[in-house]
Structures are given as C-alpha cells and as structure tokens.
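In what follows, every chain begins at residue 1, and chains take the letters A, B, ... in the order their sequences are listed.
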Protein chains: 2
Amino acid sequence: MVTPRQRAREQTLVDITRLGREQLATVGAAQLSVRSIARDLGVVSSAVYRYVKSRDDLLTLLVVDAYDELGEAAEAAERRRRRADHMGRLRAVAHGVRDWALAEPARYALLFGSPVPDYEAPAEQTTGPGLRVPMLLVGVVDDAWQAGALVDPATPLSKALAKDMAGVADGLGVELSPAVMARSMFAWTSLFGAVSFEVFGQYGRDASYSRRLFEHHLDRIAAEVGL
Amino acid sequence: MVTPRQRAREQTLVDITRLGREQLATVGAAQLSVRSIARDLGVVSSAVYRYVKSRDDLLTLLVVDAYDELGEAAEAAERRRRRADHMGRLRAVAHGVRDWALAEPARYALLFGSPVPDYEAPAEQTTGPGLRVPMLLVGVVDDAWQAGALVDPATPLSKALAKDMAGVADGLGVELSPAVMARSMFAWTSLFGAVSFEVFGQYGRDASYSRRLFEHHLDRIAAEVGL
DNA sequence: CAAAAGCAAGAGCACTGCTCTCTAAAGTTG
DNA sequence: CAACTTTAGAGAGCAGTGCTCTTGCTTTTG
C-alpha cells in the first residue's frame with residue numbers, strides 16, 4: 001500500500017534530482033548548492049536534508065542519473081543497427097556517447113572528469129549504470145569475434161595480461177576470451193579519451209575540425225580492434 | 001635594478017605557489033582556499049589578494065606550474081633515449097606522463113579533468129607549457145617519419161582532414177605532413193585517455209592490472225602510429 | 001483517538017571568496 | 001634629510017556555502 005506521503009516524498013526526490021540536473025548543466029558540479037536547490041524548490045535549505053543526506057549524496061543521485069541517461073542514449077543508438085553490422089554498432093555507440101557528452105558537458109564531466117575530492121561514488125549504486133556503455137562495447141566486439149569478423153592480432157596477449165583480462169571479464173559476469181576483453185578495453189579507453197579531450201577543450205577553442213578528427217580516431221580504434 | 005621589495009614580492013609569490021601546490025595535492029582543486037593558504041603563510045586572507053587577483057588567478061598559476069612540471073618530466077624521460085630509438089622515445093614520454101600523473105593525481109586532474117566552472121585558463125599563459133608534451137609526441141613521430149621508420153597507413157587521410165591537420169601543424173608553428181600530425185594526435189588523445197581512466201579510477205578500485213593494461217594500450221597506440 | 005513518525009521552518013556554527021578602509025613601513029624624490 | 005608616494009598587511013564586513021539542532025505542526029498508525 002502506497003500512502004500519499006510516500007508518493008509526495010518520491011515526487012520531491014524527483015524534483016530535487018531534476019533541479020540538480022538543471023543546476024549541474026548551468027553552473028557545474030562545483031557550484032552546485034543544496035541551498036539554491038531549496039530556493040528553487042520553494043523550501044528552506046534544511047528541509048532538503050530530509051531527502052538527501054548530504055551534498056555528496058545528492059551528487060551520487062546525479063551520477064546515477066547521468067550514467068543512466070548516457071547508457072540509454074548509447075543503447076538506443078546501437079539498437080538501431082542490425083546485429084551483424086558490427087562496425088555500424090561500434091560507430092553508433094561512439095557517436096551516441098559523443099553526442100550526449102557534447103550536449104551535456106557538465107554531467108559528462110561529473111562522470112569522467114576529475115573525481116570530486118573526498119567523495120567517491122558508492123560502488124553499489126554507480127557501477128551498474130556505469131557499466132552500460134562498456135557492456136555495450138564488449139557486446140559488439142564479442143559478437144564480431146563470434147562471427148569470425150575480427151582480424152587476427154599481429155601479436156598475442158602476454159600470459160599475465162590474458163589472466164588479467166579473464167579476471168575483468170569474470171568481474172563483469174560474462175564469458176569472454178581475453179583477446180576480446182583487451183580489445184574492448186582499448187576501444188573503451190580510447191573512445192572516452194577522444195570524447196574527453198573534445199569536451200574538456202584540449203583541442204583549443206575553435207574545434208572546427210573536431211568532428212572529422214573524431215571520425216578519424218574512430219577509424220583507428222576500429223582498426224586496432226580488428227573490425 | 002632589483003629592489004629588496006621586488007625580491008620579497010617574488011619570494012612571497014613562490015611561497016604562495018608552493019602552498020597552493022601542497023593544498024592541491026592534499027585537498028584537491030575544489031577545496032583549495034586562499035584563506036587556508038593565507039593561514040599557512042601566517043598572514044591574513046586579504047593580504048594574499050595583494051599577490052593574486054582572485055582564486056581563479058591562483059589556479060592559473062598552479063596550472064602553469066603543473067604543465068611545466070609534467071612537460072619537464074616527459075622531456076627528461078625522452079632525453080634519455082637515443083634520437084633514432086623512436087619506439088623507446090614514445091614509450092619514455094608515455095611512461096613519463098603516466099608516472100607523473102599517478103604521483104600527482106590532483107594536479108593532473110586540474111589539467112585534464114573537468115574544467116573548473118566559470119574559469120577558463122587564459123590561453124596566452126597556459127598554451128605554451130600545455131603544448132610541451134604534444135610537441136614531444138609530434139617530434140618523435142616526425143623523426144620516425146623522416147627516417148622512413150613508419151609503416152604506411154592502410155587508408156590515407158581524407159582531403160578535409162588533411163587540410164585540418166595542416167592547419168593544426170601551422171598553429172603549432174611546425175612543418176609537418178598531415179599524416180604525421182593525425183597520427184600524433186591519435187597518440188596524444190589515446191595516451192591521455194588511458195592515463196585519465198587510470199588516474200580517475202574508471203578501472204575500479206583494484207588496479208592491479210593497470211600497468212600491464214597500460215603497456216598493452218601503448219603497444220596498440222604505437223602500432224596505429226605505425227611504429 | 002492517542003501515540004508515533006515525518007515534515008518544514010528557523011536559528012545558528014564554521015567556513016568560503018572578496019572588498020573596503022585603515023595603519024605602518026618602505027622606497028623615492030626635491 | 002625631510003616630505004611625499006607607494007605598498008604590505010590587518011581587520012571588519014558582506015554575501016554566500018554545507019550542515020545541525022530545536023521547535024512546532026501534520027500525517028500515519030496501533
């Protein structure tokens with residue numbers, strides 16, 4: 001049985017998340033303040049602490065929210081491709097991530113930028129949503145591998161690294177060859193490296209070439225994955 | 001003619017930078033406070049504003065400081081290799097960057113993490129030091145190219161991207177083939193992507209495999225560069 | 001219907017960046 | 001060398017922050 005009070009509480013939590021998301025987008029994570037959210041909510045600051053234990057707790061809420069939206073964006077883009085179109089799926093994921101990141105730079109920064117000091121996202125809440133994109137990537141690479149569509153690597157993995165990758169795959173709860181895992185991690189790391197450099201402005205202010213450079217990087221990543 | 005007052009002023013500025021650097025390492029950029037620096041300096045907070053216009057101004061000081069130390073570390077590592085040892089030089093730069101980043105995560109985050117909101121590093125002061133590592137990379141790749149040590153790419157650059165890369169090289173003030181520029185940028189982006197993921201904890205808390213994974217990524221990057 | 005639990009308000013603490021005015025010392029100049 | 005100017009630092013103060021605690025009030029529950 002759901003009481004009106006529970007419903008109101010949930011609604012308030014949703015409102016807080018929404019206002020936090022807006023503040024994140026406009027003023028950024030550092031300037032995000034629970035007092036200002038309280039003002040927008042038409043309530044005194046201490047009232048917000050009934051719903052959110054601390055500012056860090058609020059950040060966790062927003063981290064999960066952002067991971068989920070990013071994951072959903074990437075998954076939606078990937079779903080539009082045929083299962084056998086491995087290259088298309090990889091490109092879809094990559095562009096899904098990049099488009100979301102460019103549209104939501106502050107929220108992207110919250111996920112992949114500097115860790116907020118003295119705050120570490122509680123693993124039990126954030127790892128799940130945070131793994132959606134990586135899972136998508138290993139899915140694509142593994143499908144290609146199973147279909148025999150991957151070019152063989154010039155050099156095989158070292159024994160130690162193969163063991164490491166087996167452990168990572170195990171941690172993800174999937175059955176994968178170490179080679180697939182290693183290639184996926186390279187794709188993952190390089191993809192987000194490219195997106196981060198673009199979002200964080202490392203290429204300089206005039207990023208007129210950034211989209212073409214991203215395409216190029218994507219081609220290089222795909223080549224290294226073996227696609 | 002340098003007056004004692006000028007000397008004292010310079011010394012105070014050095015002290016402020018040192019204390020800022022320490023605070024950055026201990027509490028991070030977000031928690032960095034000029035009041036606390038004033039306390040450590042044994043002076044009242046308003047006095048610090050005689051030397052530093054604002055907190056952002058202090059951040060700029062620390063950004064330049066960090067870029068210079070990172071650049072120096074990478075250059076020192078690279079200098080230890082013979083000029084013709086292109087692979088060794090690339091690896092030296094990469095490990096120089098990684099080692100510094102792992103030793104100074106907060107300062108690395110200041111340079112390559114989320115941009116501090118409402119603060120953008122003034123280009124005229126930061127671009128120079130910020131380009132030291134990229135310049136090092138293009139130097140290595142170009143040397144290899146000139147020496148004919150680079151494997152030819154499977155697919156040539158598109159016309160548009162070649163033009164973009166020519167523009168970038170021009171902006172750097174160096175004479176480079178677009179292919180060299182593109183490969184350097186891929187190396188740069190992927191290298192820092194790998195380092196950022198490691199420093200920012202995206203691989204999870206137990207990074208037991210992180211060094212071996214980095215070596216693997218480095219091999220993949222080198223392969224894609226053509227080394 | 002009375003007890004328990006949940007809610008918002010308001011005051012207050014310790015902190016922040018930053019500005020202002022004031023005093024005293026140091027440097028410069030006629 | 002005395003008068004003037006520049007400068008470092010102190011201290012008060014403003015507006016903002018995260019967060020806690022108490023105090024009434026309302027809703028839910030036994």
Side-chain angles (χ1 to χ4, degrees), chain A residues 1-17 19-20 22-24 26-63 106 110 115-122, chain B residues 1-17 19-20 22-24 26-63 106 110 115-122:
Chain A
M1 165 75 196
V2 48
T3 70
R5 191 167 247 176
Q6 280 176 327
R7 284 182 50 85
R9 182 175 184 83
E10 249 175 64
Q11 184 53 50
T12 306
L13 255 171
V14 168
D15 288 345
I16 289 176
T17 310
L19 291 170
E22 286 170 18
Q23 281 217 8
L24 214 48
T26 55
V27 301
Q31 252 71 354
L32 177 80
S33 105
V34 5
R35 285 186 118 106
S36 152
I37 287 181
R39 273 194 298 274
D40 289 1
L41 206 61
V43 102
V44 92
S45 77
S46 60
V48 176
Y49 286 88
R50 295 252 165 222
Y51 300 89
V52 158
K53 254 207 307 292
S54 66
R55 189 176 176 278
D56 286 1
D57 205 52
L58 174 62
L59 280 177
T60 300
L61 225 61
L62 296 171
V63 165
L110 183 63
V116 181
D118 293 328
Y119 164 76
E120 58 180 316
Chain B
M1 165 75 194
V2 46
T3 71
R5 194 168 246 177
Q6 280 177 326
R7 284 180 50 84
R9 184 174 182 82
E10 249 176 65
Q11 184 54 49
T12 306
L13 255 171
V14 168
D15 288 345
I16 289 176
T17 310
L19 291 171
E22 285 170 19
Q23 280 217 9
L24 215 49
T26 55
V27 301
Q31 252 71 357
L32 177 80
S33 106
V34 8
R35 284 186 119 106
S36 151
I37 287 181
R39 272 194 298 275
D40 289 1
L41 205 61
V43 104
V44 93
S45 79
S46 60
V48 176
Y49 285 88
R50 296 258 169 222
Y51 299 90
V52 159
K53 254 208 307 293
S54 66
R55 187 176 177 278
D56 286 1
D57 204 54
L58 174 63
L59 279 178
T60 300
L61 224 61
L62 295 171
V63 165
L110 182 65
V116 182
D118 292 328
Y119 164 76
E120 59 180 317

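Here the P atom of nucleotide dA12(D) and the OH atom of Y49(B) are 18 Å apart, to the nearest Å. D15(A) has its CG atom 16 Å from the C1' atom of dA8(C), to the nearest Å. Remark: P of dA26(C) and CZ of R9(B) are 17 Å apart, rounded to the nearest angstrom. Per the geometry, CD belonging to E10(B) stands 16 Å off C1' belonging to dA8(D), to the nearest Å. Between the CZ atom of R7(A) and the P atom of dC7(C) there is a distance of 15 Å, rounded to whole Å. Regarding Q6(B), its CD atom lies at a distance of 15 Å from the P atom of dT6(D), rounded to whole Å. The distance from atom CZ of R55(B) to atom P of dG16(D) is 18 Å, rounded to the nearest whole Å. One atom, CG of D56(B), and another, P of dT16(C), lie 17 Å apart when rounded to the nearest Å.
A distance-only check finds a donor-acceptor pair linking the side chain of R55(B) to the backbone of L32(B) [under 3.5 Å].
Contact annotation: the side chain of R50(A) never approaches that of T12(A) to less than 4.5 Å [non-hydrogen atoms, C-beta and beyond]. Between L61(B) and L13(B), some side-chain heavy-atom pair lies under the 4.5 Å cut-off.
Note that CG of L58(B) is 9.0 Å distant from OH of Y49(B), once rounded to the nearest 0.5 Å.
S46(A) comes within 4.0 angstrom of a base, heavy atoms only. The residue V44(B) sits close to a base: some heavy atom pair falls under 4.0 Å. Nucleic acid contact for L32(B): sugar-phosphate only, since backbone atoms but no base atoms lie under 4.0 Å from a heavy atom of the residue.
Between S54(B) and R50(B), it is S54(B) whose nearest contact on DNA chain C lies nearer the 5' terminus. For S45(B) and Y51(A), each mapped to the nucleotide of DNA chain C holding its nearest heavy atom, the one lying further toward the 5' end belongs to Y51(A). Toward the 5' end of DNA chain D, the nearer of the two residues K53(A) and A47(B), judged by each one's closest nucleotide, is A47(B).
When the nucleotides dG13(D), dC19(D), dG9(D) are ranked by their closest atom to the side chain of R35(B), dG13(D) comes out on top.
Nearest approach of A38(A) to V48(A), heavy atoms of both residues: CB-CG2, 3.6 Å.
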